[in-house]
Enquirer: 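Take a look at this one; I'll ask things after.
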Amino acid sequence: MSSEFVYEVLEKAAKASTKEEKIEILKENNSISLRNILKGSMDESVIFLLPEGTPPYVPDDAPHGYTKSTLNQKTDVLSYFVKGGKGEGLMQIKRERMFIELLESIHAEEAKLVILMKDKALINKDGTPYYSGITKELVKEVFPGLIKV
């Protein structure tokens, strides 16, 4: 399991010059949180029960490595925000509050990544990936069966 932040793994893979290098970086840094971000972002069957856009939250300004928590530690919380997940029966205000609490407890760059995932914005509307070369096709190749739709 990777000790790097998920956004760092994606940035490193995006900077790799070949598809093979991108694949190797993603495989070497395989983690539940990386797979959750990729699946949540790219699998259309994952439906978030949260409003689109950036909620009103205060990003954690702690130095790198000194945040209250990390996405790797908090990845289970993501299941509270999706249709069919643990939090489907929650009142909407409670679910949104939990989301804001998550964002405020992790590194600011990880929080941005979680918002991109929620809004399905790791692939831009024009089809280009937010992180260069990190496409749905590449993710399907690296993690077969992760993305269903």
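These numbers come from a predicted model, not from an experiment. Any value given below was found using the heavy atoms of this structure, including those in side chains, with hydrogens, waters and symmetry copies removed.
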Enquirer: I need the minimum non-hydrogen distance between Lys136 and Ile147, along with the two atoms involved.
Expert: CG-CD1, 4.0 Å
Enquirer: Has Lys83 got a side-chain atom pairing as donor or acceptor with Leu49's backbone, closer than 3.5 angstrom?
Expert: no
Enquirer: So which heavy atom on Lys86 is nearest to which on Asp76, and how close?
Expert: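 Heavy atoms only, the tightest pair is NZ-O, 4.4 Å.
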Enquirer: Less than 4.5 Å apart, any side-chain heavy atom of Val142 and any of Asn30?
Expert: no
Enquirer: Do Ile37 and Glu110 pass the side-chain contact (heavy atoms from CB on, under 4.5 Å) test, and can you show the C-alpha distance, the side-chain angles, and the key distance before you say yes or no?
Expert: CA-CA 10 Å; Ile37 289 291; Glu110 284 194 311; over 6 Å; no
Enquirer: Taking Ala16's backbone N and O only, do any of them form a donor-acceptor pair with Glu21's side chain (distance below 3.5 Å, no angle check)?
Expert: no
Enquirer: Measuring from atom OH of Tyr80 to atom NZ of Lys94, what distance do you get when rounded to the nearest 0.5 angstrom?
Expert: 9.0 Å
Enquirer: I'd like to know if the side chain of Lys12 and the backbone of Lys22 have a donor-acceptor N/O pair within less than 3.5 Å.
Expert: no
Enquirer: Would you say the side chain of Tyr130 lies within less than 4.5 Å of the side chain of Leu113, judging by non-hydrogen atoms?
Expert: no
Enquirer: Does any part of the side chain of Leu26, heavy atoms only, come nearer than 4.5 Å to the side chain of Leu138, both counted from C-beta?
Expert: yes
Enquirer: Do Gln73 and Thr67 have side-chain heavy atoms sitting under 4.5 Å apart?
Expert: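 With C-beta onward as the side chain, the pair stays apart.
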Enquirer: Mind listing the closest non-hydrogen atom pair of Leu78 and Met117 along with its distance?
Expert: CD2-CE, 3.9 Å
Enquirer: Okay, side chain of Lys120, backbone of Asp43: is any donor-acceptor separation there less than 3.5 Å?
Expert: yes
Enquirer: Is a donor on one side and an acceptor on the other found under 3.5 Å between the side chain of Glu88 and the backbone of Gly84?
Expert: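 Judged by distance alone, yes, a pair lies under 3.5 Å.
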Enquirer: Can you confirm whether Leu34 sits close enough to Leu10 that some side-chain heavy atom of one is under 4.5 Å from a side-chain heavy atom of the other?
Expert: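 Counting from C-beta outward, Leu34 and Leu10 do come under 4.5 Å.
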Enquirer: Rounded to the nearest 0.5 Å, what separation is found between the OG1 atom of Thr54 and the CG atom of Leu116?
Expert: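 Result: 8.0 Å between the selected atoms.
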Enquirer: Lys39 versus Phe143: any side-chain heavy-atom pair under 4.5 Å?
Expert: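 Not touching, per the 4.5 Å side-chain cut-off.
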Enquirer: Output the distance between atom CG (Leu71) and atom OG (Ser105), rounded to the nearest 0.5 Å.
Expert: 9.0 Å
Enquirer: Between Asn72 and Thr70, do the side chains contain an N or O donor and an N or O acceptor separated by less than 3.5 Å?
Expert: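 There is no such pair between these side chains.
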Enquirer: Can any side-chain N or O of Arg35 pair as donor or acceptor with the backbone N or O of Leu146 at less than 3.5 Å?
Expert: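 No: the side chain of Arg35 does not pair with the backbone of Leu146.
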Enquirer: So, are Glu101 and Arg97 salt-bridged, with charged N and O less than 4.0 Å apart?
Expert: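 Arg97 and Glu101: salt-bridged.
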Enquirer: CZ of Phe5 to OG of Ser33: how many Å apart, nearest 0.5 Å?
Expert: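 It comes to 10.5 Å.
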Enquirer: Quick one: do the Thr75 and Asn36 side chains pair a donor with an acceptor below 3.5 Å?
Expert: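 Distance-only check passes for Thr75 and Asn36.
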Enquirer: What is the ring orientation for Phe81 with Phe99, classed by angle as parallel under 30°, tilted 30 to 60°, or perpendicular over 60°?
Expert: perpendicular
Enquirer: Which atoms form the tightest heavy-atom contact between Pro51 and Gln92, and what is the distance?
Expert: CD-NE2, 3.8 Å
Enquirer: So, the side chain of Asn124 versus the backbone of Asp126: is there a donor-acceptor pair under 3.5 Å, distance only?
Expert: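 Pair absent, no side-chain N/O of Asn124 close to backbone of Asp126.
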Enquirer: Quick check: closest heavy atoms across Ile115 and Pro55, and the distance to 0.1 Å?
Expert: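 Heavy atoms only, the tightest pair is CD1-CD, 4.0 Å.
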Enquirer: How many angstroms lie between CD1 in Ile25 and CD in Glu20, if you round to the nearest 0.5 Å?
Expert: 11.5 Å
Enquirer: Which pair of heavy atoms, one from Lys74 and one from Ile106, lies closest together, and at what distance?
Expert: CG-CG2, 4.3 Å
Enquirer: Are any of the side-chain nitrogens in Glu109 or Lys112 under 4.0 Å away from the carboxylate oxygens of its partner?
Expert: yes
Enquirer: CG of Leu122 to CE of Met42: how many Å apart, nearest 0.5 Å?
Expert: 5.5 Å
Enquirer: Do the side chain of Asp119 and the main chain of Gly53 share a donor and acceptor less than 3.5 angstrom apart?
Expert: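 A pair under 3.5 Å: yes.
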